[in-house]
Amino acid sequence: RHHVMLPTLILTLLLLLLPRFLASSSAENPARHSSSRRSEAAAAAAGATTRWSCFGINALPPLALAAPPSSTGRPTSSSYDHARSVRLNHGHSAAVPLYRSLLLREGSNPINNDEEDLSAATRIAAAIGSPSRHDAACRPVVGPRPNDGGEGDDKEQEEQQQQHDDINDDGAEKMIQKLRTVLQQSGYDRINVANLFGVATENMNSYPWGPTYLTPVGAGSDRQPPPLSFGTEYADDSGDGGCGGEGEHGDAGTMINTSLSCLVTMFLLGFIVKRSTLEQHLFGGNSTINLLESLGLAFPCEIDPSYIVPYVHLFPMDVPVLSNNEDDTMESIVLVTDLHPAALSRTTVGTNEDGAVMYIGPDSLALVQHLPLKVELKKSHNRIEGGRCILDLCTGSGIQAISTLAALGRVDPNACAVCVDVNERATRFVTFNAMLNGLGDRVQVIKGDLITCRSLPMRGEDDCATTQGEDLVGLLRRTAILAQNQDVSSTATTGPCPFDIILANPPFIPVPPRKADAKADGGMRRSIDLRYGLFSSGGADGEVCLRGILRMVPQLLRPSGGFVGIVSEFMNPSEDLCRKMEQWWSSEVCARGVLFTNEHALPASIYAARRADNEDEYNLWNDHLNEIRISSVSPGLLFLRTEADCPTSCREIHIHHSLVPKTEGGSIWTPHNTLSIHHTKEHWMRA
């Protein structure tokens with residue numbers, strides 16, 4: 001243990017002393033130009049490469065140290081841009097010294113500084129232990145986590161340790177239910193969050209199912225945490241007494257407000273918060289802080305343990321609960337995801353570089369909002385015995401399955417779901433989210449590859465396990481049948497297809513593929529490939545996963561009244577694309593469908609400009625799209641329904657194209673565009 005601790009202590013000491021050494025050196029000659037400063041930084045970086053190599057941090061690029069601070073004392077944006085580039089292209093460990101030098105910048109005190117970067121993004125990037133902390137997300141500890149060196153005397157630490165022990169003895173599900181209770185007591189839902197920011201909630205026109213109007217802060221942001229009871233003032237950047245400092249609470253209403261403010265500041269805005277503030281204002285205080293760490297959701301800051309750093313997002317959203325006799329009501333659910341790539345600066349996390357679990361974006365919400373569940377319930381009424389079975393492909397956080405089960409809670413309380421993802425991290429998040437929303441016994445997860453149509457082993461499983469590498473369709477059929485409490489032996493291969501609803505949000509970006517000679521383009525293709533990770537890249541043409549889904553679905557979907565909903569960006573949206581997707585179906589199962597896309601698709605040149613970070617990347621994207629003959633791209637939705645009675649004179653499947661008119665509310669994916677939601681549902685009802 002001492003052999004492990006000694007290098008860590010040396011590394012920390014070097015990180016603390018290096019910026020001060022540079023600061024004192026430059027102070028001797030204040031007339032030096034910025035170019036001279038950059039030369040010194042480059043020279044220091046060369047020395048740093050040697051010093052860090054013993055810790056596995058090799059080949060740091062030039063200017064590994066931060067650029068000189070701006071006139072305000074803060075590092076320049078170019079310093080953070082460089083650090084982000086290193087983190088993306090060279091990995092987390094290579095970028096740790098850069099981010100630490102930015103935090104411990106020249107002439108500043110990293111603690112209690114009014115200009116300090118309080119983003120979780122920077123603290124995560126500067127923490128040596130972040131990969132292990134990412135591994136712990138949504139994985140309740142079996143034993144107490146190691147002490148991170150927080151402030152407090154021995155008695156306080158002993159009490160904290162005992163609280164960890166008590167939490168661990170409760171078991172994973174009870175721990176997650178404790179978190180659910182804290183969120184409920186704090187009022188952590190869509191309406192209360194909207195009220196904090198002055199967003200209207202009187203009708204569904206205003207951001208109907210989640211706080212998509214909030215953007216988490218990235219590394220180097222000069223934004224500061226809002227005040228504890230910020231209300232509408234935060235929109236105007238006014239108020240004081242924020243979550244970075246102390247405050248008083250009075251009655252229960254104030255406590256709810258301040259507890260909610262603390263949670264929003266951390267898990268939606270992406271700021272770090274003082275531990276002492278959370279102890280005073282967060283429901284459960286110190287016990288809840290320990291709970292968050294035990295669940296792998298937040299940890300003490302490695303540089304300054306008096307702060308707590310969020311490592312995930314907690315996204316609250318409302319789902320309309322369907323009813324046969326009454327008006328629909330709204331049910332609040334909360335979904336845990338990884339941080340937005342803008343905060344992470346990369347799309348892989350953890351010691352094994354697992355793909356990050358996708359944040360709740362406009363595409364995720366679009367399928368939830370446009371899903372015509374009422375129409376499908378009417379058409380399938382009295383034809384389904386027992387609970388419906390839902391299949392969620394490319395599940396990510398499980399948003400489609402969990403929101404659909406919540407919506408069916410009254411009309412079909414026995415409904416169940418099977419969620420599939422190639423990313424093992426995603427399957428863990430789905431299980432956690434199902435428990436968090438009281439659906440743990442109704443959601444099954446499978447790790448599988450939709451392109452090869454094979455199941456994949458979970459890390460650490462026995463190599464001889466029968467579910468590893470087998471046909472994914474067969475495994476899904478058996479899993480669904482077991483979930484419906486049927487006899488798997490008699491119906492797995494010969495009985496009717498088990499799924500009533502199949503939903504998917506596949507990766508769809510047509511990422512330029514890497515070349516054999518990675519240096520030919522200066523590493524641009526590699527950099528782009530790293531930036532668009534497992535949940536984004538749809539292969540060179542953007543359609544790899546979509547093809548796999550449409551080929552698999554006919555073997556799993558109920559042959560009469562089964563519904564498919566897919567959200568994606570569609571390349572060259574047209575009737576020709578509809579004919580191509582019909583060929584992918586390649587089944588005698590009869591189905592009808594509609595492809596909904598924007599009235600005005602994006603030209604490939606504009607799409608390339610939106611994906612590129614600079615002019616060279618733009619040229620690469622543009623050339624790639626031209627090479628594979630993509631002339632336009634549009635966000636959209638594909639709805640399909642199977643039909644038992646199909647005229648023999650028609651094709652087994654027919655898809656037609658519907659253009660969604662552009663309105664003042666935005667496009668088809670705009671979260672608050674109720675006009676586009678109305679269009680798709682009305683058109684699908686007629687179809």
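Numbers here simply count residues along the sequence, with the first being 1. Hydrogens, waters and symmetry mates are skipped; everything else that's a heavy atom, side chains included, is used. Everything numeric here is computed off the predicted structure, so don't read it as measured data.
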Requested in this report: Measure the CG-CG distance between Leu408 and Asp500 for me, rounded to the nearest 0.5 Å.
Outcome: 10.0 Å

Query raised in the report: Does the pair Phe432 and Ile176 meet the rule for a side-chain contact (heavy atoms from CB on, under 4.5 Å), with working shown?
Result: CA-CA 8 Å; Phe432 187 99; Ile176 295 171; 3.6 Å; yes

Report summary line: All heavy atoms of Tyr99 vs all of Ser345, minimum pair found to be OH-OG, 4.0 Å

Query raised in the report: For Glu353, does its backbone N or O pair with a side-chain atom of His134 as donor and acceptor, under 3.5 Å?
Result: no

Query - Side chain Asn673, main chain Gly666, donor-acceptor under 3.5 Å - result: yes

Query raised in the report: Does the side chain of Leu179 come within less than 4.5 Å of Leu292's, by heavy atoms?
Result: yes

Query raised in the report: If only atom types and distance count, is the side chain of Arg428 paired as donor or acceptor with the main-chain N or O of Ala137 below 3.5 Å?
Result: yes

Report task. Answer yes or no: is there a side-chain heavy-atom contact under 4.5 Å between Glu293 and Pro300? Result -> yes

**Report entry** Side-chain touch Tyr532/Thr347, heavy atoms, less than 4.5 angstrom
**Finding:** no

**Report entry** Approximate separation, where rounding is to 0.5 Å, of Tyr359 OH and Ile399 CD1
**Finding:** 12.0 Å

Report task. Could you tell me which non-hydrogen atom of Val309 sits nearest to which non-hydrogen atom of Arg123, and how far apart they are? Result -> CG2-CB, 4.0 Å

Query raised in the report: Counting only N and O atoms by type, is there a donor-acceptor contact under 3.5 Å from the side chain of Tyr188 to the main-chain atoms of Val334?
Result: no

Requested in this report: Quick one: closest heavy-atom pair of Ala121 and Val217, and the distance?
Outcome: CB-O, 4.2 Å

Query raised in the report: Ser130 side chain to Ala126 main-chain N or O, any donor-acceptor pair under 3.5 Å?
Result: no

Requested in this report: Search all heavy atoms of Ser397 against all heavy atoms of Ile360 and return the closest pair with its distance.
Outcome: OG-CD1, 3.7 Å

Query - Donor on one side chain, acceptor on other, Asp392 and Thr395, under 3.5 Å - result: yes

Query raised in the report: To the nearest 0.5 Å, how far apart are CH2 in Trp669 and NE2 in His370?
Result: 10.5 Å

**Report entry** salt bridge (Lys or Arg N to Asp or Glu O under 4.0 Å) partners for Arg87, two or more places apart
**Finding:** none

Query - Side-chain donor/acceptor of Asp304 to backbone N/O of Ser306, under 3.5 Å - result: yes

Report task. Can you measure from CG (Leu260) to OG1 (Thr265) and round to the nearest 0.5 angstrom? Result -> 9.0 Å

Requested in this report: Measure from the side-chain N and O atoms of Ser186 to the backbone N and O of Ser259, and report whether any donor-acceptor pair falls under 3.5 Å.
Outcome: no

Query raised in the report: Using a distance-only test with no angle check, is there a side-chain donor-acceptor pair under 3.5 angstrom linking Asp135 and Thr351?
Result: yes

Requested in this report: Report the C-alpha separation of Ile308 and Val273 in whole Å, then their side-chain angles, then the decisive distance to 0.1 Å, and conclude whether the side-chain contact (heavy atoms from CB on, under 4.5 Å) test is met.
Outcome: CA-CA 5 Å; Ile308 301 298; Val273 176; 5.5 Å; no

Report summary line: Taking every heavy atom of Arg190 against every heavy atom of Pro316, the minimum-distance pair comes out as N-CB, 4.1 Å

**Report entry** Any donor-acceptor pair under 3.5 Å from Asp354 side chain to Val349 backbone
**Finding:** no

Query raised in the report: Closest approach of Asn423 and Gly355, non-hydrogen atoms and distance?
Result: ND2-O, 2.6 Å

Requested in this report: Could you go through the side-chain contact (heavy atoms from CB on, under 4.5 Å) check for Ile272 and Thr122 one step at a time?
Outcome: CA-CA 10 Å; Ile272 61 176; Thr122 301; over 6 Å; no

**Report entry** Candidate pair Leu377 and Arg388, rule side-chain contact (heavy atoms from CB on, under 4.5 Å), full reasoning
**Finding:** CA-CA 10 Å; Leu377 288 178; Arg388 291 168 178 80; 3.3 Å; yes

Query raised in the report: Hey, are Glu302 and Arg100 close enough for a salt bridge, meaning a charged N less than 4.0 Å from a carboxylate O?
Result: yes

Query raised in the report: Quick one: are Pro507 and Cys394 in side-chain contact, heavy atoms under 4.5 Å?
Result: yes

Report task. Would you please name every residue forming a side chain to side chain donor-acceptor pair (under 3.5 Å) with Asp189, sequence neighbours left out? Result -> Asn192

**Report entry** side chain to side chain contact (heavy atoms under 4.5 Å, CB included) partner of Gln400, the single match among Val368, Leu371, Ile390
**Finding:** Val368

**Report entry** Side chain Arg425, main chain Val357, donor-acceptor under 3.5 Å
**Finding:** no

Query raised in the report: Do Tyr307 and Lys274 come within less than 4.5 Å of each other through their side chains, counting heavy atoms only?
Result: yes

Requested in this report: Compare all side-chain heavy atoms of Leu335 with those of Asn437 and state whether any distance is below 4.5 angstrom.
Outcome: yes

Query raised in the report: Does any non-hydrogen side-chain atom of Val443 lie less than 4.5 Å from one of Leu405?
Result: yes

**Report entry** Thr181 side chain vs Gln177 backbone, donor-acceptor pair below 3.5 Å
**Finding:** yes

Requested in this report: Starting at CG of Leu291, measure out to CG of Leu282 and round the result to the nearest 0.5 Å.
Outcome: 9.5 Å

Query raised in the report: Asp421: what forms a salt bridge (Lys or Arg N to Asp or Glu O under 4.0 Å) with it, not counting sequence neighbours?
Result: none

Query - Straight-line distance of Arg410 CZ to Glu331 CD, nearest 0.5 Å - result: 9.0 Å

Report task. Answer yes or no: is there a side-chain heavy-atom contact under 4.5 Å between Leu339 and His313? Result -> yes

